[in-house]
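Below is one structure; the comments refer to it alone.
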2 protein chains.
Amino acid sequence: MRTLSPPVGLPALTETDLVGQVARLLTQAVVEGRLAPGSKVVEAGIARELGVSRAPVREAARLLEQQGLLVASPRRGFFVRKFAADDIDDIYDLRLCVERHAAVLAARNLTPETRDMLRRQIDVLHQTADLEDPARQVEEDYRFHRLICEIAANRRLLRLFDDLASEMRMVIGLIGRLYDDPHEIARTHEPVLAAIEQGHPERIVAHIDYHIGHAWREVGKLVREIPA
Amino acid sequence: MRTLSPPVGLPALTETDLVGQVARLLTQAVVEGRLAPGSKVVEAGIARELGVSRAPVREAARLLEQQGLLVASPRRGFFVRKFAADDIDDIYDLRLCVERHAAVLAARNLTPETRDMLRRQIDVLHQTADLEDPARQVEEDYRFHRLICEIAANRRLLRLFDDLASEMRMVIGLIGRLYDDPHEIARTHEPVLAAIEQGHPERIVAHIDYHIGHAWREVGKLVREIPA
DNA sequence: CAAGACTAAACTGTCGACAATCGACGCTTA
DNA sequence: TAAGCGTCGATTGTCGACAGTTTAGTCTTG
């Protein structure tokens, strides 16, 4: 007989997840550029600064390494990843591949509810455009694209998108600011949603290509301007 | 003036890369099914068995977690990942997405040399088919597909393929044996190479779809037969 | 006899310590 | 004077230990 009270949707509390916290803080420091690309990440230094021992810091660093934010050099330590123009191309090329696929799947799974979520996120993008907050703008932009991946309903694909997003955030972070006209950016999401609603795979791919290709060219241009 | 002795082609030695070694051994144990899906991976046990302390084992386990072979549950430890039918679909769906893209890129970059490498790998597949060694057959199969990703010349994409491959190896491992007729499998690679040589994106995608779709259906069928 | 309380063993998360290694700086020598 | 060799502080790789939590097993009780 079942005597346990039914689940109420409470989040499992982790209490002590030092590794996760350290990873989050390190990620922030990296994408915000407080840790410059190429610079060394000294375990003991981070540990002391955060008031923890080196063990959790090491594990967190390994996580960021897998995510591509740090690179490990045996017996020399971790370094903040440097992005060359080639890296940008690799990342955006893969992003294109992933989001094309996600968009086609999303179109297949689209329901009135998910359609509205996308619609609303575009509204948010327009609203955010008025705020002078580039970081926020970038976040809401990703949220739209992430939504597409969520609707695609492939966990593995969603995780890949998140990994790529953290790399892209880092690139964007080191560029500084990206958007000339946030409203323009917000508008360019409209045809993507329209294509997904209509549902023709080729049309979807074409609009995704155009939208992401635009970002790719912009970011590529700006990165090439930076001395590296 | 340059007085350093010129490079002699010596391989960089890692000497002490316990984490890497442990990760490799753990991976083997997982894909070979010696660690059953769902079973707990006790840090101290692994450490004792390997004659090392828990620290490297923990870091290795985190690596495998990121690769999707283990799942971590806070304060309860690591467990060997269980695959549901949905997971298979997610993985193969993503694989399809990735390899379509890789094949199109590979066609664009194809040179006589890389063409011959692919050709030779198909020969190897045929030779391996005579040996009664399913594991080897699977490895050589992956090697062909990995070659395509290498020729595509996108590092990020290659890493993704490797991650997916380790997940697929695990799935294959728990199925037991996959191939009814290894020669048949070897033959089905021919049209893929042919399509890449010809270079029409649509034809390439079609053949990749057929080839991988075949594996997907086979694996999916077998996994659904297993009680899980 | 099953649900819950209690207890002991096992395990994880974290820490501080120590040896091995790396990188920078100054010293030697041709 | 610059290449090459020691030397020394800084840093990583690894370990053993300890506290707090989870789990399995036993006991109690309605």
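Because the structure is predicted, anything quoted here is derived from the model rather than measured. The analysis underlying the following values was restricted to heavy atoms, covering all of them including side chains, and did not include hydrogens, waters or symmetry mates. Letters A, B, ... mirror the listed sequences (proteins, then strands); counts begin at 1.
- One can place NZ of B/K40 at 10 Å from C1' of D/dT23, the figure rounded to the nearest angstrom.
- Nearer the 5' end of DNA chain C, as judged by each residue's closest nucleotide, is the contact made by B/E43, out of B/E43 and A/S53.
- Residue A/F79 contributes atom CZ, which lies 8 Å from atom P of C/dG23 at whole-angstrom precision.
- Atom-to-atom, CZ of A/R58 to C1' of D/dT11 comes out at 11 Å; the value is rounded to the nearest Å.
- Note on A/V22: nothing from the nucleic acid sits closer than 4.0 angstrom, heavy atoms only.
- Side-chain contact of B/W216 with B/D93: a donor-acceptor pair under 3.5 Å is absent, judged by distance alone.
- A pairwise comparison of heavy atoms in B/R81 and B/P37 identifies O-CB, 3.5 Å as the closest pair.
- Under the 3.5 Å distance criterion, with hydrogens and angles disregarded, no donor-acceptor pair is assigned to the side chains of B/E167 and B/Q67.
- A/E59 places its CD atom 11 Å from the P atom of C/dC15, with the value rounded to the nearest Å.
- Looking at the side chain of A/V42, the nearest of the listed nucleotides D/dT12, D/dT21, D/dC15 is D/dT12.
- Between B/R75 atom CZ and C/dA10 atom C1' the separation is 16 Å, expressed in whole Å.
- Spacing between atom CD1 of B/I46 and atom C1' of C/dT12 amounts to 15 Å, rounded to whole angstrom units.
- Set against D/dA17, D/dC15, D/dT22, the side chain of B/R54 has D/dA17 as its closest nucleotide.
- Distance A/R48 CZ to C/dA17 P: 14 Å, rounded to the nearest Å.
- Counting non-hydrogen atoms under 4.0 angstrom, B/V41 reaches the backbone sugars and phosphates but no base.
- Side chains of B/H101 and B/N154: no donor on one and acceptor on the other come within 3.5 Å.
- The distance between atom CG of A/L18 and atom C1' of D/dA19, rounded to the nearest whole Å, is 14 Å.
- Nearest-nucleotide mapping onto DNA chain D: of A/A55 and A/G77, the residue sitting toward the 5' end is A/G77.
- Judged by atom type and distance alone, A/R76 does not reach the base of D/dG13 through any side-chain donor-acceptor pair under 3.5 Å.
- Considering A/E43, A/E59, A/E49 as possible partners of A/R54, the one that fulfils the salt bridge (charged side-chain N to carboxylate O under 4.0 Å, His left out) test is A/E43.
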